[in-house]
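Keep in mind that the numbers below use all heavy atoms, side chains included, and drop hydrogens, waters and symmetry copies. In what follows, every chain begins at residue 1, and chains take the letters A, B, ... in the order their sequences are listed. Fair warning: this is a prediction, and the values are worked out from it, not measured in the lab.
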There are 2 protein chains.
Amino acid sequence: MSRLAGVSRMTVSRVLSDPELVLPTTRDKVLKAVADLGYVPDKTAGSLSSRRTGFIALMLPTLTNANFAAVAHGLTEALREANYHLLIAYTDYDMAEEERQLLNLLARRPEAIVLTGAMHRRNASRMLMAADVPVVEIADLPSQPIEHAIGFSNYQVGRTAARYLLDRGFTRIGAIAASPEGEVTDHRGEERMRGFEEELRLARRSTDGVLRHGTAPVSFHHGAAAFRALVERQPDIEAIFAVSDLSAVGAVMEAQRMNLRIPDDISIMGFGDFEIGREINPALTTIHVDFHALGLRTGKMLVDLLASDATPAPSTLDVGLRIVERASVKDR
Amino acid sequence: MSRLAGVSRMTVSRVLSDPELVLPTTRDKVLKAVADLGYVPDKTAGSLSSRRTGFIALMLPTLTNANFAAVAHGLTEALREANYHLLIAYTDYDMAEEERQLLNLLARRPEAIVLTGAMHRRNASRMLMAADVPVVEIADLPSQPIEHAIGFSNYQVGRTAARYLLDRGFTRIGAIAASPEGEVTDHRGEERMRGFEEELRLARRSTDGVLRHGTAPVSFHHGAAAFRALVERQPDIEAIFAVSDLSAVGAVMEAQRMNLRIPDDISIMGFGDFEIGREINPALTTIHVDFHALGLRTGKMLVDLLASDATPAPSTLDVGLRIVERASVKDR
DNA sequence: CTGAAAGCGCTTACAG
DNA sequence: CTGAAAGCGCTTACAG
């Protein structure tokens, strides 16, 4: 390559990374040779010698969830300008798998690690703390963050949902979620349930309508099945919080099949503000968190952080949440 | 590291890659040192020296689509045993972005490249053909594959959908999709439309009910808007094919809001067999392609292919498709 | 503005 | 069964 351009290997490297440093005439010679040969420099070699891989590791529970996919898209956007690339792994909600994937990621020497936060195996936490790169936990606010955290409180989501239903005067209030199963658990969903139950308890309301059913992750189908199970058990239930819009939509569809009118017979609210919730009839009342923005902010923070050589103190950022009132909860 | 274990660097490398080759006592010494130090070998260095990165590149239009996410999950599963890792990039349906991402991927020296097929920029195709690693195009069957292809014919999807509606005796038949817009186009969706129109033409039916509306990618909302536009233009339309279940579901929801009964007033069918289509009322008739299996098969083929040192001839595999009859098309 | 030397952390290919 | 040497393809840090 450098032979064809009649310059040293170093000059090629410079033209490709910082063209300003090179005389226009030599630059053009190099660029022509690059084009003629279809030369694509080997980043593996570059990474090794510069000690910078340009990788940002991202660990998600699954790709099959529009909100987590939105996080990835937001991150990519923010990272693009600084020419970092995402190295994506997913755990299928299994903490043993998280630990395994973490090792794979670490072996690639990412310059930062982003992962969905709050719950990790002991050994995974240890590896994360030992890693000498920035770690940011997202999509929750851990009580003891490993380092940085950008997210929202799932516990508060649960409390907010319960409060909303209580404020509207409902008394027989329930919820549907997956039941935690050892290593394979939706910990963030479970946090929402915990908050929901707590708010009910503080209001001295029964938590008998809170149903954990089936296994994570939740889905439309899961929501339908859980809704039916709950209504059969407690026919007089007035309002239900589903741990995700996915199960909430499933519940609305099941209600239609059971000839229950939403919201006249039963009110339903969800979490996550998925697109489908806006389109169904009645449109779904939900709690919104901007996952795309969450990814963007995380990416921006990382770009800044990696550009400076200072090691900033651990930071925690709450991106907040808001209720989106639509038509699936009765206005009474 | 090797100092702490009292052995050479080579012995550490052997213990980690092929433990059988090492005496149990030395092996244990090494393993203990590895655990004590939390040593994670640097794959960047390993890749450079062994000339094997262990990366398989995967280029998708978007992660925000359950079927493409399923492809990624299937691939990961098949690749896990052989210890390959996916390097994922996505294009947002933009061919200029595909070319840019391809360069990024190539610089990481993947051992194979998987991408959604059939349409690429000239320069991207050239890079792919010059790459001396296996290339497999998925999710379509290109007329001129770059090398391997595993997928189905989107054109046939369109023809099959039209045939199905024609066979049921509908005469005023329409379709909804996004309109192609230069570099940002859903080429596979457009192929389905082309097949659909062709089948209509062969049956000497009007294609006036075929509507291209808005930009890719389609969504629930897109389907709702396109459905309304089509019905307002052609109030006597009897049956509609939506280029994706996402838009089909949006159409069903919009029909409910317009007080049109599905399927009594208008029949609707989709493509992709997304989970939501099974849950809505009426359940959506659709055309099913097993994207998870598509990913699995691609991964298995790659594992075999990379294990042998022969260079097999280019292969094309049609995974087929099937109609899933549910309740959104009138039985007449 | 350009280049020669050294080295990043592993694995390959020997040698013993 | 274990190790010393060479080298993978770049970039860093000089030197001129």
Side-chain angles (χ1 to χ4, degrees), chain A residues 1-34 37-55 83-85 103-111 131-133 306 309, chain B residues 1-34 37-55 83-85 103-111 131-133 306 309:
Chain A
M1 164 64 216
S2 59
R3 227 175 38 219
L4 189 123
V7 298
S8 78
R9 192 197 316 159
M10 247 333 287
T11 302
V12 177
S13 173
R14 262 192 283 259
V15 169
L16 264 19
S17 64
D18 200 349
E20 303 301 294
L21 261 43
V22 173
L23 218 56
T25 46
T26 38
R27 185 164 60 211
D28 292 346
K29 258 193 311 190
V30 171
L31 257 17
K32 179 166 184 331
V34 165
L37 290 170
Y39 171 70
V40 181
D42 185 337
K43 275 221 185 199
T44 306
S47 300
L48 183 60
S49 77
S50 70
R51 327 258 29 227
R52 309 197 55 200
T53 58
F55 278 136
N83 213 28
Y84 286 106
H85 293 273
L103 245 140
N104 289 332
L105 291 175
L106 252 16
R108 301 292 184 174
R109 298 294 189 266
E111 298 186 42
D132 58 343
V133 296
L306 291 170
D309 23 39
Chain B
M1 165 62 215
S2 59
R3 227 175 39 216
L4 189 123
V7 298
S8 77
R9 192 196 316 158
M10 248 332 289
T11 302
V12 177
S13 173
R14 264 192 282 259
V15 169
L16 264 19
S17 63
D18 200 349
E20 303 302 293
L21 261 43
V22 174
L23 218 55
T25 47
T26 37
R27 185 163 60 211
D28 292 346
K29 259 194 313 191
V30 171
L31 258 16
K32 180 168 183 330
V34 166
L37 290 170
Y39 171 72
V40 181
D42 185 336
K43 275 222 185 201
T44 305
S47 300
L48 183 60
S49 78
S50 70
R51 327 257 31 226
R52 307 198 54 199
T53 59
F55 277 135
N83 213 29
Y84 285 106
H85 293 273
L103 245 142
N104 290 331
L105 291 175
L106 252 15
R108 302 292 184 173
R109 298 295 188 266
E111 297 185 43
D132 58 345
V133 295
L306 292 170
D309 23 37

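Listed candidates were D/dC10, D/dT2, C/dC1. Nearest to the side chain of A/Ala45 is D/dC10. For A/Ser13, the listed nucleotide lying nearest its side chain is D/dT11; candidates were C/dC8, D/dC8, D/dT11. Comparing D/dC10, D/dG3, C/dT2 by their nearest atom to the side chain of A/Ser49 picks out D/dC10. Considering only side-chain atoms of A/Ser50, the nucleotide from C/dT11, D/dT11, C/dC10 that sits closest is D/dT11. Comparing C/dG9, C/dT2, D/dC10 by their nearest atom to the side chain of A/Asp42 picks out D/dC10. The B/Thr26 side chain lies nearest to D/dT2 when the options are D/dC10, C/dT12, D/dT2. Between C/dA5, D/dG9, D/dC1, one nucleotide has an atom nearer to the side chain of A/Met10 than all others, and that is C/dA5.
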List the steps and the verdict of side chain to side chain contact (heavy atoms under 4.5 Å, CB included) for A/Leu31 and A/Val15. CA-CA 8 Å; A/Leu31 257 17; A/Val15 169; 3.5 Å; yes

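In this entry the distance linking CZ of A/Arg52 with P of C/dG7 reads 22 Å, nearest Å. Between B/Arg108 atom CZ and D/dC10 atom P the separation is 13 Å, expressed in whole Å.
The distance from atom CZ of B/Arg9 to atom CZ of B/Arg14, rounded to the nearest 0.5 Å, is 12.5 Å. In this structure, A/Leu23 CG and A/Arg27 CZ are separated by 8.0 Å, a value rounded to the nearest 0.5 Å.
Side-chain nitrogen and oxygen atoms of A/Thr44 include none within less than 4.0 Å of the OP1 or OP2 phosphate oxygen of D/dC10. Side-chain nitrogen and oxygen atoms of A/Tyr39 include none within less than 4.0 Å of the OP1 or OP2 phosphate oxygen of D/dG9. Applying the 4.0 Å criterion to OP1 and OP2 of D/dG9, one finds that B/Arg51 has a side-chain N or O inside that range. Within the structure, a side-chain polar atom (N or O) of B/Thr11 is placed less than 4.0 Å from OP1 or OP2 of D/dG3.
One donor-acceptor pair, N or O on each side, does fall under 3.5 Å between the base of D/dG3 and the side chain of B/Arg14. Checked by distance alone, A/Arg109 brings no side-chain donor or acceptor within 3.5 Å of a matching partner on the base of C/dG9.
Map A/Leu48 and A/Leu21 each onto its nearest nucleotide of DNA chain C; the residue landing nearer the 5' end is A/Leu21. Annotation: of the two residues near DNA chain C, A/Arg9 and A/Val22, the 5′-most nearest-nucleotide partner is A/Val22.
Within the shown strands, D/dG3 is the pairing partner of C/dC14 under the Watson-Crick or G-U definition, both distances less than 3.5 Å.
Among residues two or more places apart in sequence or in another chain, the ring pair (Phe, Tyr, Trp, His ring centres under 6.0 Å) test is passed with A/Phe55 by B/Phe55.
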